[in-house]
Asker: 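Take this structure, written in structure tokens, and hold onto it; I'll ask about it next.
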Protein chains: 2
Amino acid sequence: MDKKTQALFEARAKVIKAMAHPTRLFMVDQLSRREHCVCELTDMIGADTSTVSKHLSILKNAGIVSMEKRGSQVFYQLRVPCILNFFGCVEGVLKSSARDQMQLVK
Amino acid sequence: MDKKTQALFEARAKVIKAMAHPTRLFMVDQLSRREHCVCELTDMIGADTSTVSKHLSILKNAGIVSMEKRGSQVFYQLRVPCILNFFGCVEGVLKSSARDQMQLVK
DNA sequence: AAATCACTTGGCTATTTGGCCAAATGACCG
DNA sequence: CGGTCATTTGGCCAAATAGCCAAGTGATTT
């Protein structure tokens, strides 16, 4: 594998890595409906504000969300809606895995 | 966030986590063209066979690839082609991040 | 049966990640 | 200005991840 190819896949992995956490997936899902401030997301998730803030900055660094400061609050919005297509495919993976499990047990 | 929602996002994250590594993304890309045995992938990647084997078993556990033993070799194949749609979207994220960087520098 | 591929598994270490707490920053209210 | 709310950052620790080497398994060859 040459250097250029490797760099390409590393860049891609960085984006996918940012999605690879239940809390962050939840955030993306919520942000797909409408923008939210950190405090709203913190309420929904029930973790420490600092934890939520760090998750958000990971999404931001990956280029998946953007933020806007308004007054004392920071609002995050989903920047790339195509990310939502992930969910459909992932659901397909889960379903087909579940089917295979059934086959084994049956 | 209730228990059921949490479990859903954890299941989804497990699948995406399996993709969240450059080597594994490369494997998925290769397997999308045709099936490959472990030895072929090992040659392409240039890591220890055991490392490659472990990456493949992570993809298998996530339900992304399946394997078939034929003689002394093990062939892996992509089970869910929709995974390939990830790449298009990820590329979009990278492109739009790059554009934003340009704006900043310019 | 011994040697040899093809692969998986176990063990070890170094690095990364995720969480909380505490402290720092910034806006707003009184 | 002092206090408070919203958020970010730094520090710390526990857990997960990724890599290599070595050892184990299974099929094939001699």
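Everything numeric in this text was worked out from a predicted model, so none of it was measured. Throughout, protein chains are lettered first and strands after them, A, B, ... in sequence-line order, and every chain is numbered starting at 1.
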Asker: Quick one: sort the A:F86 and B:F86 rings into parallel, tilted or perpendicular, breaks at 30° and 60°.
Answerer: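 The rings of A:F86 and B:F86 lie parallel, inter-plane angle below 30°.
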Asker: Reading DNA chain D 5' to 3', which nucleotide is the first, and which the last, to come under 4.0 Å of any heavy atom in chain A?
Answerer: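 It runs D:dA6 to D:dG11.
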Asker: Provide, to the nearest angstrom, the distance between the NZ atom belonging to B:K60 and the P atom belonging to C:dT9.
Answerer: 7 Å
Asker: One thing to verify: whether B:D48 and B:K54 come together as a salt bridge, which I'm taking to mean a side-chain N less than 4.0 angstrom from a carboxylate O.
Answerer: no
Asker: Going by an N to O cut-off under 4.0 Å, is there a salt bridge joining A:R12 and A:E10?
Answerer: no
Asker: Using atom types as modelled and distance alone, determine if a side-chain donor or acceptor of B:S53 lies under 3.5 Å from a backbone N or O of B:T49.
Answerer: no
Asker: Looking just at side-chain N and O atoms, do B:D2 and B:T5 make a donor-acceptor pair shorter than 3.5 Å?
Answerer: yes
Asker: Check every strand shown and say whether A:K69 touches a base, only sugar-phosphate, or nothing at a heavy-atom separation below 4.0 Å.
Answerer: nothing
Asker: Would you say B:S53 reaches C:dT8's phosphate, i.e. side-chain N/O to OP1/OP2 under 4.0 Å?
Answerer: yes
Asker: Can you tell me how far C1' of C:dT25 sits from CD of A:Q73, to the nearest Å?
Answerer: 16 Å
Asker: For B:D48 and C:dT8, give me the distance from atom CG to atom P, rounded to whole Å.
Answerer: 12 Å
Asker: Checking all strands, does B:R70 fall into the base, sugar-phosphate, or nothing category for heavy-atom contacts under 4.0 angstrom?
Answerer: nothing
Asker: Can a salt bridge be assigned to the pair B:D29 and B:R24 using a cut-off of 4.0 Å between side-chain N and carboxylate O?
Answerer: no
Asker: Reckon A:S50 touches a base, only the sugar-phosphate, or nothing at all at heavy-atom distances under 4.0 Å?
Answerer: base
Asker: Take B:S57 and A:K17, find for each the nucleotide of DNA chain C with the closest heavy atom, and name the residue whose nucleotide sits nearer the 5' end.
Answerer: B:S57
Asker: When all nucleic acid strands are considered with a 4.0 Å heavy-atom cut-off, which category describes A:F75: base, sugar-phosphate, or nothing?
Answerer: nothing
